[in-house]
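Have a look at the structure below before the remarks.
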Number of protein chains: 2
Amino acid sequence: MRKGEETRTRILDVAEAAVLQKGFGGTSIEELIAETGITKSGFFYHFKDKNELAKALLNRYIENDERIYDEIFSRARDLMDDPLQSFLLGLKLLSELLSDLPNGHPGCLVATVCYYERLFDREIQETNRNAVLAWRRRFGRMLREIMEVYPPREPVDVDQLADMVSSVLEGGIVLSKTLKEPNTLAEQVLMLRTFVRLLFLPAVEQPLAVVRQHQVFGAAAGGQP
Amino acid sequence: MRKGEETRTRILDVAEAAVLQKGFGGTSIEELIAETGITKSGFFYHFKDKNELAKALLNRYIENDERIYDEIFSRARDLMDDPLQSFLLGLKLLSELLSDLPNGHPGCLVATVCYYERLFDREIQETNRNAVLAWRRRFGRMLREIMEVYPPREPVDVDQLADMVSSVLEGGIVLSKTLKEPNTLAEQVLMLRTFVRLLFLPAVEQPLAVVRQHQVFGAAAGGQP
DNA sequence: CCCCTCCTGTACCGGCGGTACAGTTTCGAA
DNA sequence: TTCGAAACTGTACCGCCGGTACAGGAGGGG
């Protein structure tokens, strides 16, 4: 059982990198077995077909993704009591994590599946859909907490605002990869952070001196781009 | 020359729909010739290989995309003198156009190419990159005009803000397709519109009655979701 | 009438996804 | 120490697909 898991993981590692660069249709099983140093029979011992490889790949990717978000935002929650400041810090930490990736973000498997949908079965499509819905719930939960303290300056639907986090991430990845500008993604996250700050931080009605103080406080919470 | 163009266009139409659903790697030439009712030799008469099909597909897509943006934002410019109101109206018109698509947005070829990059030649990757840079210039131009009149409430890089429009569109398409919720994309565009309005409309320092008036004015420019 | 555009038809190649199945190594539990 | 399951290897094969090569034909304009 031990060695089997190890080989399986190695296949998944190689497959993930390949699929993110070339899509599922562009990734051949033969190239995967060549790179992992396994035989074709060995491959099909672990995954009965390409669809099952995709299933395992997607599930693993989503789990890992969730783990990263858990870590970042729970750390931000530990450092900041205020839900807004905590969320803003979380976005800051996320953007730092993204800009620390040496070759830029490798791509999102959810998007890859999205642009390949018709060749997968319902189960994979459902898994993918549920991953996006989980993002919506995650960010929605945090935004609702914020809204209990800070009335938004403009009326917004909380689910749509939560989706905006996912949108900017997915879109930022596409831009970053296409432009070959690794930093674009991190910048987009910070731009989203500006939006959230603007939306929830109370409108300033005091003279300039006090305004400054307010702004410094807001910036100190997570730094300024 | 006449009939040739017609057949070529028919191939591109069929190919575009297929590629947006299944990616390039997932789309076989054989299925394209079956659907267009042409022979294999006929196909290779028009496109010497799959790469050249992709090139033609991408160029046509980008041209069409640019045309749509030209139309929408020049129409908005005709209806509104103020650059901010004109941009906000443009986003409103765009979101209406997107929510009128009967089956939702079919997907963006730029994103498809982005997630297939390694199997294309440099020329296609450059074309794709230039398309995104063109978006940046387009929205950046409009945003700079706005900034000459309205100082932003928070300091923002204009290129990054312009990229945010592309991000939200690309990300919104991924979400919309994955969730199978056609309206999500249009909602995301409206959410972006809220951000732009918040960022540029002057901070309110008057009593509540006047605040209301301001908000109604802002909403009247393009309506509220 | 000829030539050019726009195809069709046929034959073939190698790569790939997938199947089938027999045999082998490895390693822990009984 | 043996047994058996897990984790593979090796070989052979199928049909689809991308791509090549090349011969030929319809149809319309000069």
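What you see below is based on every heavy atom in this structure, not just the backbone, and it leaves out hydrogens, waters and symmetry mates.
- Applying the side chain to side chain donor-acceptor pair (under 3.5 Å) test to every pair with at least one member in residues 32-43 of chain A, sequence neighbours left out, gives these pairs: A:Glu30-A:Lys40.
- By the side-chain hydrogen bond (donor to acceptor under 3.5 Å, both in side chains) test, B:Thr27 pairs with no residue at all, sequence neighbours left out.
- Aromatic rings from B:Tyr69 and B:Phe139 are positioned such that their centres are separated by under 6.0 Å.
- In terms of modelled atom types and a separation under 3.5 Å, the side chain of B:Lys50 and the main chain of B:Phe24 share a donor-acceptor contact.
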For nucleotides 12-20 of chain C, 5' to 3', base contacts (B), sugar-phosphate-only contacts (S) and non-contacts (-) with protein non-hydrogen atoms under 4.0 Å give ----SBBB-
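- When rounded to the nearest whole Å, the span between CD of A:Glu6 and C1' of D:dC8 equals 14 Å.
- Distance alone, capped at 3.5 Å, is enough to place a donor-acceptor pair between the A:Arg138 side chain and the A:Glu66 backbone.
- Atom CD1 of A:Ile33 is separated from atom C1' of D:dC8 by 13 Å (rounded to the nearest Å).
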Secondary structure of DNA chain C per the Watson-Crick/G-U criterion (both distances under 3.5 Å; [ ] crossing, | other strand, . unpaired) is ||||||||||||||||||||||||||||||
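- For B:Tyr45, no side-chain nitrogen or oxygen approaches OP1 or OP2 of C:dC7 to under 4.0 Å.
- Contact annotation: B:Thr7 side-chain N/O to C:dC6 OP1/OP2 distance is not under 4.0 Å.
- In this model, the phosphate group of C:dC7 is approached by a side-chain N or O of B:His46 to a distance below 4.0 Å at OP1 or OP2.
- A distance-only check finds no donor-acceptor pair linking the side chain of B:Glu170 to the backbone of A:Gly172 [under 3.5 Å].
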B:Leu185/B:Lys177 under side-chain contact (heavy atoms from CB on, under 4.5 Å): CA gap, chis, key distance, verdict:
CA-CA 9 Å; B:Leu185 174 56; B:Lys177 272 173 78 89; over 6 Å; no
Please enumerate all protein N or O atoms sitting under 3.5 Å from an N or O of nucleotides 25-30 of chain D, with distances to 0.1 Å.
none

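- Residues B:Leu169 and B:Leu98 form a side-chain contact, since some pair of their non-hydrogen atoms from C-beta on lies under 4.5 Å apart.
- In this structure A:Thr184 satisfies the side chain to side chain contact (heavy atoms under 4.5 Å, CB included) test together with A:Leu175, A:Ser176, A:Leu179, A:Glu181, A:Glu187, A:Gln188, B:Arg136, B:Asp163, sequence neighbours excluded.
- Here the C1' atom of nucleotide C:dT8 and the CD1 atom of B:Ile38 are 10 Å apart, to the nearest Å.
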